[in-house]
Structure formats: structure tokens, C-alpha cells
Amino acid sequence: MTTKFDLNDDSLVVIVGSGAGGGTLANELAQKGIKSVVLEAGKRFKMEDIENDEWKMFGKISWLDKRYVEGPARIAKDFPNLPAWIVKGVGGATLHWAGVAMRFQEHEFRMRTENGTIPGANVLDWPVTLKEMEPYYYKAEQKMGVCGTEATGMPFHGKSSHYKVVEEGARRIGARCEQATLAINTEVRDGRPSCQVNGFCMQGCRIGAKWSTMYTEIPKAEATGNVEVRPQSMALRIEHDKNGKVTGVLYADKDGNHLFQKARLVAVAANSIESPRLLLNSASAMFPDGLANGSGQVGQNYMTHTTAGVYGEFEKPIHMYKSTVVPGIVHEWKDNDPNRGHYAGYELEVLHLGLPFMSAFLNPGKSGWGRELAESLENYDKMAGFWICGEDMPVESNNITLHPTEKDQYGLPVPVVYKTDHINDTRMRNHAYDKATELLEAVGAKKVNYLPPYPASHNMGTNRMSAHARDGVVNKWGQSHEIKNLFVSDGSQFTTSGTENPTLTIVALAIRQADYIADQMKRNAI
Amino acid sequence: MKKDKRDDQSPDLTRRRFLTHSGTAVVGLGMLSSGLLSAKTWAAAAVGEHASATLMRMARDIYPHDTLEDKYYAAVLTPLAEKANGDAELKKLLSEGVKELDNRCDKLFARPYLELENEPDRVFVLRAMEDGAFFQRIKGDLMMGIYNNPELWPRFGYGGSAWEHGGYINRGYDKIDWL
Ligand SMILES: Cc1cc2nc3c(=O)[nH]c(=O)nc-3n(C[C@H](O)[C@H](O)[C@H](O)COP(=O)(O)OP(=O)(O)OC[C@H]3O[C@@H](n4cnc5c(N)ncnc54)[C@H](O)[C@@H]3O)c2cc1C
Ligand code: SF4
């Protein structure tokens, strides 16, 4: 669309980031007649740019600006400059995502109440309940087209060979296993086709069967004439006036020109590394520790889920790649049952990697070579397995900070990401390794491989919601406790990570936030 | 791993080998006269025959697939050697890496790497060098060259790009006969 807004137009909402949070917020506001500019650091890709090729797509769309990983965890050694596997492009990480869309469980909004104090963890209840979220979850499921839900009435995908192996293993050990509720069409819906099972969901869906803001929310928002998306526009700094209200965003365009877009309201949705980084980089005399950071919680409590991979090698072919990437989920251990030896729950998500990524992740890092690895890779077509996804503990010292001296291509301090296990995370992962092994062996696995966590695809918690200003960064609407016209609209709002993949909750929160923003604007409260 | 049914000498490989050994820097090493080089001496022109044989052995020890023909390893090493011809630093990395490898073998076994007959001995020496830039360069190029090589995907039972074939919705996504 051709809508263009003036840099001096101070009636606009400026949204930083066009992914799950930002893209959804822009469209929701646009449908209500509220005008916004979306600043997106990455390019605008076309459907033709999407290829069924793991490394090509990784090279094409990943966020590869300089970052450091620190801490004793293995990822700091294996991937010292790649803490997270996310996207720089219109649509953000919804290009890459696998489409798994599950609601949080009721207790996951109040883990502090549920378990009391957990030493070494900074657990807090959400200022929101499942009951309040339910109508928004329903809207999010409708918007995204989640199969297997009441909201859409779309059936599940058929059971793939990969799924069937796991389903049988689960049956043999008495574990609950279901097909995954995916934001992937199983019928023609919303102008998008039905999935044809290419198996490359995490490289971007070439045919658009999977929901991505790139080709749903963004073009819909633009079609209203209320939204201007500016690709290759990297937000550098949010400015404020002497009353402490934000006034707009300084950004670098594709030629490196610095431009200032005025705003009535700024919503930050740059994912959980860049969002706190932007707030920290916006420090001023009035806010010396960064915007919205009176509590000191900006950038803290970085969560990625407790993850790892588990792949069994069988005697006969499975060809797991002939499937949606995540055909099913083993839900058995998703509850909060401390009798297992750990708090909170996890899912075993049936998930495949292609051969190229399997070779990189089976035993990542410098020592990943040799006959054992080669033999496992020769069994690629006989593999089945999981990605473990469990709730990780918020820990203050897991955080995003700014490098004291080193700058990136925009002249901004490079982010340093520190993330290591809380003891609960380690215990949970070990439990999951054991259960996954039991399941795979029950159906005939001859060898089971444990893959350490790879760069984080889920990133959460670095601008968390809290009932009290002292405990977090934003209130229950994602509105800064300190600055009324500054919002956070992405996964960094999460108070705790929950067991479930984050995107459905990010989208539900963005829909809810749009209602609140519209209401507050109407009342002239912001 | 499946055996390759095709002819070992694909035209593509021939072309690549030809390119390797027709570069200006290589002429004069006496290898051209012998026509096509055997895979074992794939890069002799760039790093010498001993080094090239050593690198080939090393490549096969890093990702040992016994049924995979040398040409696939050579297809990774050849461009590396080509590059080394115009890149003094890379050339140094390769030749000094090989030298270090031989020195280590010499200390432990009183023989160069190529003469160590037992794979565990060779692996033992390589493990001790795995953190270094030389080893990691070879390993990194090999990982991409072997596992990210579409020509080899069918051998590993991987399907590669599927959208242009209409995916697997009508091509057996649900087929499994042994459960
Ligand atoms: C391989 C993979 C698989 C996944 N699978 C699933 C799944 O199955 N289910 C699920 O729920 N989640 C999944 N996820 C996670 C999901 O993609 C993210 O949770 C979600 O996209 C995060 O939304 P967001 O709005 O926080 O950020 P993003 O979607 O990442 O959007 C942030 C955007 O902000 C832009 N940006 C950053 N900094 C700036 C700046 N300074 N100025 C301007 N723009 C900026 C970025 O370029 C990006 O486009 C997966 C992720 C990956 C990578
Ligand atoms: S499996 Fe379905 S959703 Fe995934 S990439 Fe293919 S068509 Fe798209």
C-alpha cells in the first residue's frame, strides 16, 4: 500500500517490529481506525524468496547482527555469537515459526502462588488470569487459523509417519499424546491454501498455509490505509519530553540516514533481546538506567524455555521429514507436579530437522565429528524424536546487557546475552531426556541421541508484566509502569514462560492491548 | 547409507577437477601432464601431494562414510585448495596444519598421519587438534559439503525441497508399515 505518514505527525502510534506482537498490534489498531507507522529493521521478503532449504533460509532471513552469548552453558561455547535463532524481516520470527499454538494452563499464570518461593528464581504471578485471557485466546486462534480448535473448526492435519511412531511409543508407556494444534491451514481459509506437507515450516511456508504476519496481518493492516510499514528501518532510540512522555523514535533507514518519527504512543515489539536493548539504549538524564527501568528489571529474567532435542534411531525407515515440522505433542508431563523432582511442566514436541540441520545440531560445536556421529547421520531416515519445551525459571542474572565498548553497524552497543540453567531447568531437562528415551525405546529405538539446547527460538521475559511497579516493567496491558504512552507488545512482556510455545499468547496479548490502547486514546488518557 | 548407482565420474566433477588444475598458479607442478588427477591427489597442485593425500584421509576420518566415494570429499577440498592458491593465509593454514598433524603423529607413533593404519590412532591425534582453526576449517567445510549437498541427500534418505512437487500430502506422508 502507498500510505505515507509525515515524520512530524505526532498523532501516530509508532510500532517497533513487525513480528507476532508488532504485526498483530498494527492490524488490530488499523481495523479500529488508529494510524500507525511500523518500523522494521529487516527487509520485506516475497513468497518467491522462501525456499525449502535450511541453510539458505537461515542465511537469508536470520538476525545475524553481532551478539555475544555468555555464561557457563554449552551454548556459549557452541554458538558464541548466536544466542537466538530469530528473524530480521517483515513478519519477524513468524516466518520461521513451526506454527505450534497452545494456550497457557490456568496455573501457569500464577506460578508464585502455586509453588511459593523457589530459591534462586525470580518467579512472579502474572497480573492476568487465564479467565481474562480466554476470549483473546479464542480471537487469536480464529485470526491465526489454529487447526484442532473450536475457534476455527478446522480438523487436525492427518497423522504423519513421524507422528505415528511417537503415538505408538506413547501408547506403550501410557503417556498422553495428541496431534498438534497448529496455526496451519488444513482447509482453504482466510484466502490462504491448505497445507500440502512440504515439511519446511521452519524455513517459511512457501505456499502461505502457515500463519505469518508477513502475509496476513501486515497486508491486511496496509489495506486499511491506516498503516505505513517501513522496512530496513532500525529503531535506535526512543526520545521523551521533559514530562517524561515519549515523543517518537529515532531510526536509521536503509541508507543509514537518521530520521526521527514523532509519535503519540510508542509500542516496542522487537523480540526479547532487541526490545530491552532499545529501552536501555534510550537512557537519558531523566531515565539514566534506560526507559521504563525504574525497577531495574529491563533486560532481566531472560527466558528461552528449557529445551533440548532427543532423537532415536530405529531399524526401519520413518522419513520424519515428510510431515509438518511439529505433527504432535506428548502432553503427559505438562502439569506442575513437584513430585517429579522439578517444578513446572514440559511438552515433548514431535519435531523434525532436515539432514543439514541435524548434522549441525546432533552434536554441535567443535567436537561434533567422528564415526559415531557419521553413523547416526546415516540413519537419518530412520530417526524419530522430539524437541523438549518446558517452562524455565526466571532468573535475574539471566539477562540482556550492553557491551561496554563494542558497537554494531548502527553504532549501537552490541547486546550481551547471559543465560544459564536454574537447577530446576536442569532437573526438568533430565526428566524429559529420560521420559523421551523410555518412549522411543518402547517402540523400538536402538540408540537415542541427546541434543543440547540450540540457539533460542523462544525468547521471553525481559520486560515483564507485574502487578507492582517495583517487580517488573509493564502493567497487565503491556503499558510501562513509568511512562504511560510507552508499551511493550511482544514476548518480552511474559512474567513467566509457561510450558507452551509463546506465540499464541503473544498474539492474544496484542489483541487485548489494542482494545486497551483504543480505549485509552478515546478517553485521552494517553 | 545407499550405494551410488551412477558412474563415479560425473561430468560435473570432471569439470570441477579441470578447473582446479587449470588455474595459472598450478601450472608447472607436473601434475597436469597426467591428465585428471586421482581423488587422492585432488589438491596436490595447491598444497603438494603429501598434504593433499593427508587432507583427504583426514576428511574421511572426520565424517567417515565408508560407502561414500572420494569424489564427494574431494568436491569439498578442491574449492578450498583453489581458494588457497590466491589466499596466502589459507594456504599457510593448510600446509602448517598438515605439518602439525604429522608432527603430532610423529611424536606419538613415530610415523606421519598417512601411515597410521588404525583409525582410533588417527582419531586420537585429531581430537587433540580439534579446537584449532585448521581442524575447524576443514570440519566446517565438510559439514556443509557432505550434509548440505543436494546430490547426496537421496543417499542419506533425505528428500530436500518439496514444494515444487506438491509436498507429501499425496506422496506418502502417512506411510509406515512396521508399527
Ligand atoms: C525456528 C523457530 C520455530 C518456532 N516455532 C514456534 C512455534 O511452533 N510456536 C510458537 O509459539 N513459537 C515458535 N517460535 C517462536 C516465535 O517465532 C516467536 O515467539 C514470535 O515470533 C515472537 O514474536 P515477537 O513479536 O516477540 O518477535 P518477532 O516475531 O521476532 O518480531 C520482532 C521483529 O522486530 C524487528 N526488530 C528488532 N529490533 C528492531 C529495531 N531496533 N528496530 C526495528 N525493528 C526491529 C525484527 O527484525 C523482527 O522482525 C519459533 C521461532 C523460531 C525461530
Ligand atoms: S508443511 Fe504445511 S505449513 Fe509447513 S511449510 Fe509445508 S505447506 Fe507450509
Side-chain angles (χ1 to χ4, degrees), chain A residues 50-56 157-165 167-169 194-200 203 205-207 209 314-319 321-324 327 354-360 365-375 377-384 443-444, chain B residues 1-2 58-68 119-120 122-124 126-133 135-150 152-179:
Chain A
I50 298 177
E51 295 176 80
N52 285 177
D53 187 308
E54 291 181 309
W55 284 120
K56 269 197 199 145
H157 294 249
K159 296 178 179 180
S160 67
S161 54
H162 193 197
Y163 178 77
K164 287 176 182 175
V165 172
E167 183 184 49
E168 179 57 20
S194 173
C195 173
Q196 61 180 31
V197 196
N198 292 324
F200 285 87
Q203 281 60 52
C205 182
R206 170 77 188 211
I207 63 168
F314 293 79
E315 271 177 309
K316 295 200 175 134
I318 296 165
H319 44 73
Y321 63 89
K322 298 184 186 178
S323 175
T324 53
L355 177 72
F357 276 6
M358 189 57 87
S359 76
K366 292 183 171 166
S367 56
W369 60 276
R371 190 163 286 276
E372 189 187 346
L373 180 77
E375 278 174 1
L377 291 168
E378 288 186 6
N379 285 330
Y380 172 77
D381 63 344
K382 299 178 195 130
M383 282 186 181
V443 62
Chain B
M1 160 116 30
K2 297 169 189 79
M58 179 179 164
R60 299 211 65 122
D61 286 337
I62 292 177
Y63 294 120
H65 295 290
D66 298 340
T67 59
L68 211 60
E119 182 176 324
R122 295 195 303 272
V123 167
F124 184 79
L126 290 175
R127 282 281 168 212
M129 286 177 74
E130 75 179 10
D131 282 340
F135 184 92
Q136 287 302 320
R137 178 62 198 258
I138 307 286
K139 173 187 173 274
D141 281 20
L142 277 171
M143 180 189 280
M144 294 304 271
I146 303 284
Y147 305 115
N148 197 39
N149 178 355
L152 284 177
W153 286 343
R155 303 272 296 272
F156 285 94
Y158 176 54
S161 185
W163 70 269
E164 63 275 51
H165 310 297
Y168 295 103
I169 187 96
N170 298 314
R171 291 194 304 145
Y173 79 98
D174 54 348
K175 291 277 173 305
I176 185 147
D177 57 12
W178 56 266
L179 278 176

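The sequence lines fix the lettering, A, B, ..., with proteins before strands; numbering per chain opens at 1.
- Proximity to chain B (any heavy atom under 4.5 Å) is shown, for A/K164, by both the backbone and the side chain.
- For A/Y163, no part sits under 4.5 Å from any heavy atom of chain B, backbone or side chain.
- Between chain A and the options B/W153, B/F135, B/Y63, B/W178, the largest number of non-hydrogen pairs under 4.5 Å is found for B/W178.
- Scanning both residues, B/R155 and B/L68, for their nearest heavy atoms gives NH2-CD1, 3.7 Å.
- Note: A/F200 and B/Y158 have tilted aromatic rings, judged against thresholds of 30 and 60 degrees for the angle between ring planes.
- For chain B, no part of A/C205 is nearby; none of its heavy atoms comes within less than 4.5 Å.
- Contact count versus chain B (heavy atoms, under 4.5 Å) is highest, among A/H157, A/H162, A/E375, A/R206, for A/R206.
- Between chain B and the options A/G199, A/P317, A/S194, heavy-atom pairs under 4.5 Å are most frequent for A/P317.
- Residues A/V197 and A/S160 are not in side-chain contact: their nearest non-hydrogen atoms beyond the backbone lie 4.5 Å or more apart.
- Remark: A/D381 does not engage A/K322 in a salt bridge, criterion side-chain N to carboxylate O under 4.0 Å.
- For the set A/I207, A/N379, A/V165, A/D53, the entry with the most heavy-atom pairs within less than 4.5 Å of chain B is A/V165.
- Note: A/Y321 and B/Y168 have perpendicular aromatic rings, judged against thresholds of 30 and 60 degrees for the angle between ring planes.
- Only the side chain of A/L373 comes within contact range of chain B, judged by heavy atoms closer than 4.5 Å.
- If you measure heavy-atom distances from A/R371 to chain B, the contacts under 4.5 Å come from both the backbone and the side chain.
- Between B/E130 and B/R127 there is a salt bridge, with a side-chain nitrogen of the basic residue lying less than 4.0 Å from a carboxylate oxygen of the acidic one.
- Only the side chain of A/E54 comes within less than 4.5 Å of a heavy atom in chain B; its backbone stays farther off.
- Expressed to the nearest 0.5 Å, how far NZ of A/K316 lies from CG of B/D177 amounts to 7.0 Å.
- Contacts between B/D61 and chain A at a heavy-atom distance below 4.5 Å involve the backbone alone (N, CA, C, O).
- In this structure, chain A has no heavy atom under 4.5 Å from any part of B/L142.
- Taking CZ of B/R122 as the reference point, atom CD1 of B/I62 lies at 11.5 Å (rounded to 0.5 Å).
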